[in-house]
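Read the structure below first, then the notes.
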Number of protein chains: 4
Amino acid sequence: MADVDAAPRHRRQGSRRDPAIDEAVLATTRTLLIERGYAATTIDLIAATAGVSRPAIYRRWTSKAQLVHEAAFPDLGPEAPENDFAAEVTRLCRGAIRMYGDPVVREAIPGVLVDLRSDRRMRRLLSDRLEAAARSQLAERLDAAVDEGTARAVDADTLMDVIAGGAWYAVCVRRVKDTDRAGRDLAELVLRGVLR
Amino acid sequence: MADVDAAPRHRRQGSRRDPAIDEAVLATTRTLLIERGYAATTIDLIAATAGVSRPAIYRRWTSKAQLVHEAAFPDLGPEAPENDFAAEVTRLCRGAIRMYGDPVVREAIPGVLVDLRSDRRMRRLLSDRLEAAARSQLAERLDAAVDEGTARAVDADTLMDVIAGGAWYAVCVRRVKDTDRAGRDLAELVLRGVLR
Amino acid sequence: MADVDAAPRHRRQGSRRDPAIDEAVLATTRTLLIERGYAATTIDLIAATAGVSRPAIYRRWTSKAQLVHEAAFPDLGPEAPENDFAAEVTRLCRGAIRMYGDPVVREAIPGVLVDLRSDRRMRRLLSDRLEAAARSQLAERLDAAVDEGTARAVDADTLMDVIAGGAWYAVCVRRVKDTDRAGRDLAELVLRGVLR
Amino acid sequence: MADVDAAPRHRRQGSRRDPAIDEAVLATTRTLLIERGYAATTIDLIAATAGVSRPAIYRRWTSKAQLVHEAAFPDLGPEAPENDFAAEVTRLCRGAIRMYGDPVVREAIPGVLVDLRSDRRMRRLLSDRLEAAARSQLAERLDAAVDEGTARAVDADTLMDVIAGGAWYAVCVRRVKDTDRAGRDLAELVLRGVLR
DNA sequence: CGGTAATCGAGACGGTACGTCTTGTCTTGTG
DNA sequence: CACAAGACAAGACGTACCGTCTCGATTACCG
């Protein structure tokens, strides 16, 4: 019967990892990233601040980069895309600016890029997390809008580059303060470029 | 006696710095950045590979970040801007993609960002070098084009964000191979957004 | 009924410790001591090799030193002393050389000494086990022999030092191979020194 | 001329190692060995106490065992042997008791034995330092005394075993306090055994 | 026969030491 | 002076072991 061949039972014997430690470490990592930046956010410092031992951290994450990666880029859960193409572009612009506007993300990105330089798998995971989902959703919407005749046939990837890159540049390099306005400006410029 | 009361003589005693060392170090740094990335490009490794002593490096640059900064972002010498606004935008798009396409620059940027996090002066210097000149030139051309009636009145900073950020994203994140085509696509999308 | 008001009953409920584990651990410890020495004989390694869990070991012995102590120096059961003084000295010399000749003992001694440095109780226990019984027995025999006139009045402790220390040195430091001969030589030298 | 082809000049460029550091580390190591024993004498603790960095220690000694070895068993410089055989044995007994009586040596020996277990070269060096020289000197004196007819033909190695081992046992195991008396007792017993 | 208590494995935990590495400074001769 | 060679303090890195602990699962005795 169902019970028999159902759940493989997973045999989780022995103490479980204390989830409070995961939480404390991630929260501490976020705080320290903001306060001190990537370089000064030592594993030692994280451990001490979180009241946790260093091995407890290494048991969970194989490196500082992995830890920061998980601390800074939590799974966003797929946001519901807008039906209207213009609304979707606007949503993405705002979302990108909001994401890059998070000080944790801002501090984490370059550090993670440096440390994961030769870890192809992690780099892919990072870019997936940051934008791959949005990229493919956007492509679909664009196709539909082109079919409808509301959008011109531009390269979807270039469109995504412009949205994400423009947001990143505004927030991280130019350091705009008024993110609402920046989101509007960006969306407007991009939409002018793509709408018919 | 002439010598006695003659010119203050400036007392340039001792050996001059050997300019060959500057060159060797900068070239080695560029090579290592490409081959191994920022983190693995140790000052020690640079010194050994360049056949130079570590103090000779620290005599010239105050830190690894400064050295990489100079090695990766040489002064470009102001490129002559195009007179036509559309041509200028196109030139900037191509230029940005070419710059970010340089593997040295790609490896250097995140590392320098991490290490210079709290060095406000250097960060400013970096962004100046990368785009400030272009930004102001672009603003002038845009004003003129708006006056002529060929361009719409968009925010010049947002325009620059989109060009530089779009290029950065295409090259560094999406890792496009065909940079010529990417430049064209980017320029086209941007121009559609801004031209009347 | 005797049972009722007798022993406080100790309430021995639940499973008993598996004596096979004791044996397996002790045997494994001995093997590992010989093969790898004290430092490399990790509790983890013992547990894994013996097919036993770490807590099962700590339930039985409070520390690695205690475990090694029991593994290496099993209770010898009091050997019957010889009646003749000369025969007794000879017996002790042979016994000491045999004991220190055991590779397990040789590996264990320094390790236990280091780890039990500040455990006065255990150190005493160790020396008791190794030689205290023999020391007092020897003192008695020596007294008798002095009374009989067959031995000279030497310090019994010094005599024991010479026997045990000489044996230890021959076996552990000089690493003699022919233990029989070493025992004879030692006994002869000692007896010449003490017999009248 | 001699000077020309003499010394290979050794080309010692760069800073010399600071001999004050060697001294401070060795002295600190000796103090800590006495106060805390081998196990608690951490490299970290030595470094901190001596006011020295850890790498500075590892630059000089490859391991804790090597450092302790050098700290505890300094080269004794060959003591002048006595001409008279009996006097020589007495000198050796006293010397052995004095050496093993040094608390530094007492703490160091077991630790070094454990850690250098598989380093054949170091073990040999250790035993050489502790007794090999004395052993061969003693053998010569014994031969001469046998020729003279003052000593009986006993095994020289066994004789050395008895002296060194007896001293070690008296001091390290039995923990005699009155070392002068212990030296006399040991010498007397040994001499009775070997003199004709 | 069902409850109770001790065992067992597995393995996480805090703590601590290890030995290595890198950074940026300082020192010592040589040219 | 600049330079090479290299020692130095500071401190992070990642690994290893220790002895303790918490889990579930498994016995065995006891009422």
Side-chain angles (χ1 to χ4, degrees), chain A residues 9 11-18 20-21 39-47 51-64, chain B residues 11-18 21 39-45 47-48 51-65 115, chain C residues 9 11-18 20-21 39-45 47-48 51-66 115, chain D residues 11-21 39-48 51-64:
Chain A
R9 299 295 299 170
R11 292 297 268 125
R12 272 301 269 120
Q13 210 169 43
S15 329
R16 257 39 111 230
R17 283 194 185 157
D18 183 350
I21 291 185
T41 299
T42 302
I43 298 264
D44 255 319
L45 182 60
I46 296 173
V52 152
S53 71
R54 195 147 31 121
I57 293 183
Y58 281 109
R59 246 189 298 280
R60 291 167 167 77
W61 298 278
T62 63
S63 70
K64 176 177 161 182
Chain B
R11 297 296 265 118
R12 268 309 260 124
Q13 206 173 48
S15 6
R16 260 32 114 241
R17 279 193 190 162
D18 182 351
I21 291 186
T41 299
T42 301
I43 298 267
D44 252 322
L45 182 59
V52 152
S53 73
R54 198 141 38 112
I57 294 182
Y58 279 107
R59 220 170 282 125
R60 292 166 167 78
W61 299 277
T62 64
S63 71
K64 175 178 163 182
D115 282 0
Chain C
R9 300 293 303 182
R11 300 291 270 112
R12 247 347 234 108
Q13 212 169 41
S15 2
R16 253 41 110 232
R17 283 191 189 158
D18 182 350
I21 291 185
T41 299
T42 301
I43 296 267
D44 253 322
L45 182 60
V52 152
S53 72
R54 198 145 30 120
I57 293 183
Y58 280 107
R59 222 171 281 125
R60 291 164 168 81
W61 298 277
T62 63
S63 71
K64 176 178 162 182
Q66 293 247 8
D115 281 1
Chain D
R11 295 296 269 121
R12 272 304 266 116
Q13 208 170 47
S15 333
R16 259 33 117 230
R17 283 192 188 158
D18 183 350
I21 291 186
T41 299
T42 301
I43 297 266
D44 254 320
L45 183 59
I46 296 173
V52 151
S53 72
R54 204 161 9 142
I57 293 183
Y58 281 108
R59 219 171 284 125
R60 291 167 167 77
W61 299 277
T62 63
S63 71
K64 177 177 161 181

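Order of the sequence lines fixes the chain letters, A, B, ..., with proteins taken first and strands second; residue numbering starts at 1 for each chain. Small disclaimer: the values here were computed from a predicted structure and weren't measured.
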Checklist outcome for this item: Applying side-chain contact (heavy atoms from CB on, under 4.5 Å) to B:T62 and not counting sequence neighbours gives B:Q66
Item to check | 5′-ward residue of the pair A:S53/D:A40 relative to DNA chain E | outcome: A:S53
Item to check | Relative orientation of the end axes in the helix from E:dC1-F:dG31 to E:dG31-F:dC1, expressed as an angle to the nearest 10° (five pairs per end) | outcome: 10°
Checklist entry - How many Å lie between CG on D:L45 and P on E:dG19, as a whole number? => result 15 Å
Next on the checklist: Measuring from atom NZ of A:K64 to atom OG1 of A:T42, what distance do you get when rounded to the nearest 0.5 angstrom?
Outcome noted: 6.0 Å
Checklist entry - Which part of the nucleic acid, if any, lies within contact of A:D18, taking any heavy atom under 4.0 Å across all strands shown: a base, the sugar-phosphate backbone alone, or nothing? => result sugar-phosphate
Checklist entry - Do D:R17 side-chain atoms and D:R59 backbone N/O form a donor-acceptor pair below 3.5 Å? => result yes
Next on the checklist: Looking at every non-hydrogen atom in both residues, tell me the closest pair between A:L45 and A:A40 and how far apart they are.
Outcome noted: CD2-O, 3.5 Å
Checklist entry - Start at the 5' end of DNA chain F and walk down; is the nucleotide closest to A:T42 or to C:T42 reached first? => result A:T42
Checklist entry - Which pair of non-hydrogen atoms, one from C:A47 and one from C:S53, has the smallest distance, and what is that distance? => result CB-C, 4.1 Å
Checklist entry - To the nearest Å, how far apart are C:K64 NZ and F:dT20 C1'? => result 18 Å
Next on the checklist: Rounded to whole Å, how long is the line connecting atom CD1 of D:I21 with atom C1' of F:dG6?
Outcome noted: 13 Å
Next on the checklist: Going by side-chain contact (heavy atoms from CB on, under 4.5 Å), name the residues that satisfy it together with B:A65, two or more places apart in sequence or in a different chain.
Outcome noted: B:Y38, B:S63, B:D115, B:L116
Checklist entry - Which residues satisfy the side chain to side chain donor-acceptor pair (under 3.5 Å) test with B:R60, sequence neighbours excluded? => result B:D22
Next on the checklist: Rounding to an integer number of Å, can you tell me how far C:D44 CG sits from F:dC18 C1'?
Outcome noted: 9 Å
Next on the checklist: With a 3.5 Å cut-off and heavy atoms only, can you find an N or O donor on one side and an acceptor on the other between the side chain of C:S15 and the base of F:dA28?
Outcome noted: no
Item to check | B:D115 CG to F:dA12 P, straight-line distance once rounded to whole Å | outcome: 15 Å
Item to check | D:V52 or A:I43, whichever maps to the more 5' nucleotide of DNA chain F | outcome: D:V52
Item to check | Gap between atoms CZ and P, on C:R16 and E:dA6 respectively (whole Å) | outcome: 10 Å
Checklist outcome for this item: Side-chain contact check for C:R17: nearest option of E:dG9, E:dC8, F:dA7 is E:dC8
Next on the checklist: Just to be sure I understand the geometry, which residues of residues 54-62 of chain C put a non-hydrogen atom under 4.0 Å away from DNA chain F?
Outcome noted: C:R54, C:P55, C:Y58
Next on the checklist: Taking salt bridge (charged side-chain N to carboxylate O under 4.0 Å, His left out) as the definition, give me every residue that meets it alongside D:D18, ordered by chain and number, with sequence neighbours left out.
Outcome noted: none
Next on the checklist: Restricting to non-hydrogen atoms, name the atom on B:I57 and the atom on B:I43 that form the minimum distance, rounded to 0.1 Å.
Outcome noted: CD1-O, 4.1 Å
